[in-house]
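Report on the structure given below.
In this text the structure is predicted, and so the values were computed from the model without any measurement. What you see below is based on every heavy atom in this structure, not just the backbone, and it leaves out hydrogens, waters and symmetry mates.
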Protein chains: 2
Amino acid sequence: MHQYYQQEDRQLVAVDCVIFGFDKGLLKLLLLKRNFEPGLGKWSLAGGFLQRKESLVEAADRVLCKLTGLKDVFLEQLYAYGNPARDPGERVVSVTYFALLKVEDYYKDLVIENGAHWQAIENIPELLFDHGEMVEKALCRLRLVAKSQPIGFELLPAKFTLPQLQSLYEAIYQKELDKRNFRKKILSMDLLDKLDEKDKSSSKKGAFLYRFNTEKYKELVAKGFYFSLDI
Amino acid sequence: MHQYYQQEDRQLVAVDCVIFGFDKGLLKLLLLKRNFEPGLGKWSLAGGFLQRKESLVEAADRVLCKLTGLKDVFLEQLYAYGNPARDPGERVVSVTYFALLKVEDYYKDLVIENGAHWQAIENIPELLFDHGEMVEKALCRLRLVAKSQPIGFELLPAKFTLPQLQSLYEAIYQKELDKRNFRKKILSMDLLDKLDEKDKSSSKKGAFLYRFNTEKYKELVAKGFYFSLDI
DNA sequence: CCAAAAGTGTTGACCGTACACCCATGA
DNA sequence: TCATGGGTGTACGGTCAACACTTTTGG
């Protein structure tokens, strides 16, 4: 390969992942204790350096997989941070991705093994470098995306109840929603299949379980359908 | 400064600018003929490499200024492209920015001096590398942003008529809009000051000139006001 | 039998859209 | 005087938000 651009500066490029999970009615963020300098001991996002032969999203996948063992998560690029002083160790350009995970039980162990921790978003500690800013932007994006895509289903188990789904949206928007209006909107999308089972873990009466119909969703998206879950 | 990250790969980082202008009722894109390999002779966006001591947006400002002589333009980060094969010369991560310019006359000369060219967006030629993809994404963003911000004013002279403003929005959305509804929406924002002058360059009757009230706009934004120009 | 959560409809307000005619003036 | 583009108002339909009571059942 020719060296066309020989005289130009080369930089470290990193990816940092803002990973949201939903557990027991709380929206949570995955944080790690940094175990090297600079910034040793601080809470930080899951990050790593871009390698020569991988794309940005591949790097994000690799970092995420290393940390949680998971592949095939909803992963979206957020923003590139390039302030020359943002990392005091060396100039690093960082591209952030955000991901939504179901916080399932086997997961928690995996995450704890890796020294990671799920922190409720109402109560995020001070973070490494500009990671706090990254989280702010990710929350804005999450709210925006949740409006135009039925995104909630990435954060819930395959079968879920409408009250569970509602409390997820309430966690994302940090406000209470009207039960009747919420159901009307969600069901009018016609993307949920009602099952014959009930979940009785949170009430005596029990709530019907639903399943997201991925085929219908793909079909509609292919037709250019645009969702607007104005909540 | 310590070398904390010594063993990591370093990469070329570029910025590419998607620059829109509005001229004679047409939305246009600024393109350059590439004058070096790889890709010599192809139409491309205005781009350059990130230097060690500047931030990403400073690099975009520098590139834009070098090309057009202008500072203080509306400049927003779009997306980072990191496919390892996107530039056949060497692996380059590119961060795109988009900018909106008033295409004023002294500009055209400047742009032509630099070998650049304003091309109507309905008729963009094949572009270098993944620049076509970048332009697609920028158009989507432009439409999105135009909905939530009175962005049009960046693309028009300080004094403009409502028919001019409307034809700009028609160019952005590529569809005709109803005159009465458009006026109603725009004027209901209460951000335009009607002047006593008329512009008679495009009709005998003449159209009243308006000026965008930046102070009112800043005030409203500071109060957290959210515009939704659903057009 | 009662506490606690699930489930269910209607109304009014607002907003977006569709639509047609008069006005001012330079040529 | 007429052709051209500028300017104006109303009525309909759909969507969002507010709101209260009944149902089920385990304890």
Mind listing the N/O atom pairs, protein and nucleotides 5-9 of chain C, below 3.5 Å?
{"residue": "dA6(C)", "atom": "N3", "partner": "K205(A)", "partner atom": "NZ", "Å": "3.0"}
{"residue": "dG7(C)", "atom": "OP1", "partner": "F208(A)", "partner atom": "N", "Å": "3.0"}
{"residue": "dG7(C)", "atom": "OP2", "partner": "R183(A)", "partner atom": "NH2", "Å": "2.3"}
{"residue": "dG7(C)", "atom": "O5'", "partner": "R183(A)", "partner atom": "NH2", "Å": "3.4"}
{"residue": "dG7(C)", "atom": "N7", "partner": "K179(A)", "partner atom": "NZ", "Å": "2.9"}
{"residue": "dG7(C)", "atom": "O6", "partner": "K179(A)", "partner atom": "NZ", "Å": "2.8"}

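Residues S44(B) and F129(B) have side chains not in contact (no heavy-atom distance under 4.5 Å, counting atoms from C-beta outward). Annotation: side chain of L45(B) is in contact with side chain of L31(B) (closest heavy-atom distance under 4.5 Å).
We find that CG of D199(B) is positioned 19 Å from P of dT4(D), with the value rounded to whole Å. Atom CZ in F160(B) sits about 15 Å away from atom P in dG6(D), given to the nearest Å. In this structure, the CG atom of L165(B) is 19 Å from the P atom of dG5(D), given to the nearest Å. The distance from atom CD of E176(A) to atom P of dA18(D) is 12 Å, rounded to the nearest whole Å. Protein atom OH of Y173(A) is 15 Å distant from nucleotide atom C1' of dC16(D), rounded to whole Å. For the pair L209(B) CG and dG6(D) C1', the interatomic distance rounds to 13 Å; values are reported in whole Å.
Inter-axis angle, ends of the helix from dC1(C)-dG27(D) to dA27(C)-dT1(D), five pairs per end, rounded to 10 degrees: 10°.
Pairs engaging residues 128-146 of chain B under the salt bridge (charged side-chain N to carboxylate O under 4.0 Å, His left out) rule: E76(B)-R141(B), R86(B)-D130(B) [sequence neighbours left out].
Taking the ring-ring contact (aromatic ring centres under 6.0 Å, His included) definition, one finds that F20(B) meets it with nothing, sequence neighbours left out. Under the ring-ring contact (aromatic ring centres under 6.0 Å, His included) criterion, F160(B) pairs with F153(B), sequence neighbours left out.
The aromatic rings of Y173(B) and Y169(B) sit parallel to each other, their planes meeting at less than 30°, with 60° as the upper class boundary.
OP1 or OP2 of dA17(D) has at least one side-chain nitrogen or oxygen of K185(A) nearer than 4.0 Å.
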Worksheet item: Where do Q174(B) and I121(B) land on the side-chain contact (heavy atoms from CB on, under 4.5 Å) test, with the steps shown first?
Response: CA-CA 10 Å; Q174(B) 306 264 49; I121(B) 56 156; 3.9 Å; yes

Show me the side-chain donor-acceptor pairs of residues 204-211 of chain A shorter than 3.5 Å, one per line, residues at least two apart or across chains.
none

